[in-house]
Number of protein chains: 2
Amino acid sequence: MPPRKLTQDAVISAGMAMADESGLDGLTMRALARRLGVEAMSLYHHVANKEALLDLMVDRIYREIELPQARGQWRAELRRRSLSVRAVLHSHPWALPLMESRHRPGPANLAYHDANIGCLREAGFTGAQVAFAYAVIDAFVYGFVLQESTLPFDSGPEAASMIVTDGFGDALRGYAHMMWFAEQVIPAPGYSFDREFEPGLDLVLDGIEHVVLRGAS
Amino acid sequence: MPPRKLTQDAVISAGMAMADESGLDGLTMRALARRLGVEAMSLYHHVANKEALLDLMVDRIYREIELPQARGQWRAELRRRSLSVRAVLHSHPWALPLMESRHRPGPANLAYHDANIGCLREAGFTGAQVAFAYAVIDAFVYGFVLQESTLPFDSGPEAASMIVTDGFGDALRGYAHMMWFAEQVIPAPGYSFDREFEPGLDLVLDGIEHVVLRGAS
DNA sequence: ACCTGAACACCGTTCAAGT
DNA sequence: ACCTGAACACCGTTCAAGT
């Protein structure tokens with residue numbers, strides 16, 4: 001089952017699979033080696049150290065994201081890319097906290113930023129507009145995913161009953177507005193946190209469009 | 001220097017100071033004990049374990065944020081609160097990644113959410129509008145701070161020269177748009193990543209105001 | 001070139017013992 | 001009640017040794 005020859009690619013893939021299954025805490029050099037049917041120290045022949053492995057895993061994440069085309073359709077392209085960012089980060093929940101602490105961008109990271117900047121630039125954005133639009137869109141996208149990962153419950157209708165039943169309701173006593181939110185808003189038909197993403201993204205894109213058309217910022 | 005009597009509060013404060021100085025990696029139970037002039041195992045008399053200590057530290061973060069008043073001035077209040085969130089997270093760079101992985105909200109956390117929801121609710125927002133506005137504003141605020149913490153350089157004009165000189169320019173070869181951004185946009189007078197925050201926040205607040213006035217969402 | 005075993009300097013935490 | 005020392009089961013990583 002373990003590949004005959006250990007390669008850096010195999011180590012990275014196994015590291016990602018391991019983090020997907022057991023979280024970042026479950027990813028230890030020793031456990032990773034065990035998974036690959038090899039001794040812990042063998043890994044160091046393909047990867048400088050654990051930090052380097054994490055850097056490589058992060059770059060793989062960037063490689064999975066659908067890049068925007070630079071064909072002038074900035075809004076549709078960045079919208080599609082944003083949905084892809086969210087999908088990728090959902091399938092690798094360990095990635096976002098990790099991206100935050102890595103400061104050595106790999107090639108896929110650079111290509112990713114290049115495509116995003118290029119998409120806005122080719123659509124006629126000035127330098128200042130590119131900087132503003134890119135910062136605001138990504139703040140929203142990454143921030144939204146960050147919030148999703150923080151939710152103590154899966155969003156969706158079933159969450160509501162959990163809040164009320166699981167003694168979670170007791171914790172809320174004394175917090176009238178949270179009580180209202182938990183009892184009146186979350187259980188409302190059709191409410192689900194993740195459904196706020198696309199309208200929120202459109203709100204941001206509308207704002208950008210508005211600013212650019214006016215030539216402001 | 002170390003307090004005569006060890007208290008939970010003293011342990012939490014020392015933990016925060018330690019994380020401020022040496023990052024989350026530098027915060028070990030053993031080092032924390034040393035700082036308090038005590039043996040490692042003494043800490044466990046005031047804190048169940050390290051996880052519990054981190055939960056308590058996160059709740060202290062929420063306590064530091066200026067809460068919005070529920071006087072109907074939702075926009076001004078949430079704007080002020082958002083600036084406070086950013087300021088607090090800047091002074092405790094370890095906090096954001098940590099808030100993400102804690103799922104047992106403490107009392108300050110609950111009070112914080114209660115105040116935010118109350119601020120919107122008292123201003124006449126419907127349940128669905130509160131959910132949408134709160135999600136979008138916080139996605140932007142936390143996402144922006146997240147991006148700031150990821151920047152490989154301090155934002156600001158000095159950053160520009162660093163990019164070009166420090167061999168960072170070499171890494172950019174082949175990425176034409178990034179090259180343009182690094183050479184033309186970042187060094188431009190007045191450019192600084194952190195200056196995008198307030199205009200970005202206003203863009204989001206404008207969007208919320210627009211949606212609420214129209215009664216949409 | 002690639003893999004290994006033993007060893008080092010760390011972790012968080014348990015437990016029995018001290019005052 | 002509060003603090004401690006020794007010990008346990010882990011880490012990442014170095015280094016000398018094997019093939």
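In what follows, chains carry the letters A, B, and so on, assigned in the order in which the sequence lines appear, proteins first and then strands, with residues in each chain numbered from 1.
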To the nearest angstrom, how far is [X] atom [atom1] from [N] atom [atom2]?
X	N	atom1	atom2	result
B/K5	D/dC2	NZ	P	6 Å
A/L6	C/dA1	CG	P	17 Å
B/M41	D/dC2	CE	P	17 Å
A/L43	D/dT14	CG	P	13 Å
B/E51	C/dT13	CD	C1'	13 Å
A/N49	D/dC15	CG	P	14 Å
A/Y44	C/dG5	OH	P	16 Å
A/K50	C/dC10	NZ	C1'	14 Å

Out of C/dG5, C/dA1, D/dG5, which nucleotide sits closest to the side chain of A/E39?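 Given the options C/dG5, C/dA1, D/dG5, the side chain of A/E39 is closest to C/dG5.
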
Would you write the dot-bracket representation of DNA chain D, where each base gets (, ), [, ], | or . depending on whether it forms a Watson-Crick or G-U pair under 3.5 Å and with which partner? ||.|||||...|||||.||

Step-by-step ring pair (Phe, Tyr, Trp, His ring centres under 6.0 Å) determination, A/Y191 to B/F132: CA-CA 10 Å; A/Y191 175 78; B/F132 180 67; over 10 Å; no

Run the salt-bridge test on B/R104 and B/D59 with the 4.0 Å N-O cut-off and return the result as yes or no.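 Judged by the 4.0 Å cut-off on N to carboxylate O distance, B/R104 and B/D59 do not form a salt bridge.
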
If the cut-off is 4.0 Å, is B/S42 near the phosphate of D/dT4, judged by side-chain N/O to OP1 or OP2?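 True: B/S42 side-chain N/O within range (under 4.0 Å) of D/dT4 OP1/OP2.
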
Check the phosphate of D/dC3 against B/H46, side-chain N and O only, distance under 4.0 Å to OP1 or OP2. Yes or no?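 It does, given that an N or O in the side chain of B/H46 lies less than 4.0 Å from OP1 or OP2 of D/dC3.
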
For DNA chain C, the residues among residues 21-33 of chain A that have a non-hydrogen atom under 4.0 Å from it: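 Nucleic-acid contacts, sorted: A/R30.
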
Test side chain to side chain contact (heavy atoms under 4.5 Å, CB included) on B/L56 and B/R60; report intermediate values, then the result. CA-CA 6 Å; B/L56 291 163; B/R60 280 276 191 91; 6.0 Å; no

Just to verify, which of B/Y142, B/W94, B/F144 counts as forming a side chain to side chain contact (heavy atoms under 4.5 Å, CB included) with B/L89?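 When B/Y142, B/W94, B/F144 are each tested with B/L89, the side chain to side chain contact (heavy atoms under 4.5 Å, CB included) holds only for B/Y142.
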
For the pair B/D114 and B/R121, evaluate salt bridge (charged side-chain N to carboxylate O under 4.0 Å, His left out) and give the outcome as yes or no after the intermediate values. CA-CA 10 Å; B/D114 198 67; B/R121 188 184 175 199; over 6 Å; no

Is a donor from one side chain sitting under 3.5 angstrom from an acceptor on the other, for B/D194 and B/S192?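 Note: B/D194 and B/S192 side chains meet the donor-acceptor criterion.
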
Backbone N or O of A/N109 within a donor-acceptor pair of the A/H113 side chain at under 3.5 Å?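 Answer holds: yes.
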
A/S22 (side chain) donor-acceptor with A/A19 (main chain) under 3.5 angstrom: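 Side chain of A/S22 to backbone of A/A19: no pair is present.
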
Hey, what's the ring geometry for A/Y62 with A/Y112, parallel, tilted or perpendicular (30° and 60° as the breaks)?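 Plane angle between 30° and 60°, so tilted.
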
